Amino acid sequence: QVQLVESGGGLVQAGGSLRLSCAASGMPFSGYVMAWFRQAPGKEREFVSTITRNGGSTYYTNSVKGRFSISRDNAKNTVYLQMNSLKPEDTAVYFCAARSRIEIATTAAQYVYWGQGTQVTVSS
């Protein structure tokens with residue numbers, strides 16, 4: 001069965017960096033658009049970033065542009081999210097998600113597979 005397993009979350013001070021990883025199994029990874037979403041307590045899950053199947057194109061929500069970078073290694077079946085200049089408002093559970101369609105998407109309902117999430121906490 002398909003599994004997405006996130007790792008790399010933790011507690012960091014404002015201005016610090018973290019690198020999240022999401023390892024996929026049970027699916028033809030290179031055939032899937034991958035994305036990162038996040039959910040803060042009491043808030044809806046929100047889109048963070050997405051990357052096309054070959055990694056050639058990326059897209060970010062405005063609040064993370066210039067600070068976060070998504071990438072993927074299709075040989076390792078892994079997608080990454082490099083997060084720099086972290087802010088307290090970045091605190092959330094971060095989820096990776098997979099979509100088998102060609103087009104990128106920014107809404108959670110358009111993704112079929114999800115990981116269990118990894119907690120990112122940014123202290124001020």
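Every value quoted in this text rests on a predicted model; they were computed, and no experiment measured them. The residues of the chain are indexed from 1 along the displayed sequence.
A side-chain contact (heavy atoms from CB on, under 4.5 Å) with Thr121 holds for exactly one of Thr91, Leu86, Asp90; it is Thr91.
Linking Ile, Leu, Val, Met, Phe, Trp and Tyr residues whenever their side-chain heavy atoms come within less than 4.5 Å places Phe37 and Ile104 in a single cluster. Val12 and Tyr94 fall within the same hydrophobic cluster, defined by Ile, Leu, Val, Met, Phe, Trp and Tyr side-chain heavy atoms under 4.5 Å apart, directly or through other members.
Counting all heavy atoms, side chain and backbone alike, Gln119 lies closest to Ala92 at NE2-O, 3.4 Å. What you find for Ala14 and Pro88 is that their closest heavy atoms are CB-CD, 4.1 Å. When all heavy atoms of Ser49 and Leu81 are compared, the closest pair comes out as CB-CD1, 4.3 Å. Counting all heavy atoms, side chain and backbone alike, Ser30 lies closest to Asn74 at CB-ND2, 3.6 Å. In terms of heavy atoms, Gln82 sits closest to Ser17 at NE2-CB, 4.0 Å. What you find for Leu4 and Cys96 is that their closest heavy atoms are CB-SG, 3.7 Å.
A donor-acceptor pair under 3.5 Å links the side-chain atoms of Thr50 to the main chain of Met34, judged by distance alone. Put simply, the side chain of Tyr111 gets close to the backbone of Ala105: a donor and an acceptor are under 3.5 Å apart. The main-chain N or O of Gly26 is never found under 3.5 Å from a side-chain atom of Asn77 such that the two would form a donor-acceptor pair. Of the possible donor and acceptor atoms, one in the side chain of Glu6 sits under 3.5 Å from a partner among the backbone N and O of Gly117. With Arg72 contributing its side chain and Gly55 its backbone, the two residues share no donor-acceptor pair below 3.5 Å. At least one donor-acceptor pair under 3.5 Å links the side chain of Tyr60 to the backbone N or O of Ile70.
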Dump the intermediate steps for side-chain contact (heavy atoms from CB on, under 4.5 Å) on Val33 and Arg101, then the final yes or no.
CA-CA 7 Å; Val33 168; Arg101 301 291 294 273; over 6 Å; no
Intermediate values then yes/no, side-chain contact (heavy atoms from CB on, under 4.5 Å), Val79 and Phe29
CA-CA 10 Å; Val79 62; Phe29 184 73; 4.3 Å; yes
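Going from atom OG of Ser63 over to atom CZ of Phe47 covers 10.0 Å, rounded to the nearest 0.5 Å. Remark: Arg38 CZ to Thr61 OG1 distance equals 7.5 Å, nearest 0.5 Å. Of the inter-residue distances, the one linking Glu103 atom CD with Thr52 atom OG1 reads 12.0 Å to the nearest 0.5 angstrom. In this structure, NZ in Lys87 is found 8.0 Å from OG in Ser85, a value given to the nearest 0.5 Å. If you take CD on Gln110 and OG on Ser100, they are separated by 11.5 Å, rounding to the nearest 0.5 Å. Note that CZ of Phe68 and OG1 of Thr58 are 14.0 Å apart. Values are rounded to the nearest 0.5 Å.
Looking at heavy atoms from C-beta onward, Trp36 lies out of side-chain contact with Ile51 at the 4.5 angstrom threshold. Residues Met83 and Val64 are not in side-chain contact: their nearest non-hydrogen atoms beyond the backbone lie 4.5 Å or more apart. Using a 4.5 Å heavy-atom threshold, the side chains of Val2 and Val112 count as separate.
The number of heavy atoms from other shown groups lying within 6.0 Å of NZ (Lys65) is above 12. Heavy-atom neighbours of Gln13 CD from other residues, nucleotides or ligands within 6.0 Å: at or below the threshold of 12.
Note on ring orientation: taking the six-membered ring where Trp is involved, the planes of Tyr113 and Tyr32 are tilted (angle from 30° to 60°).
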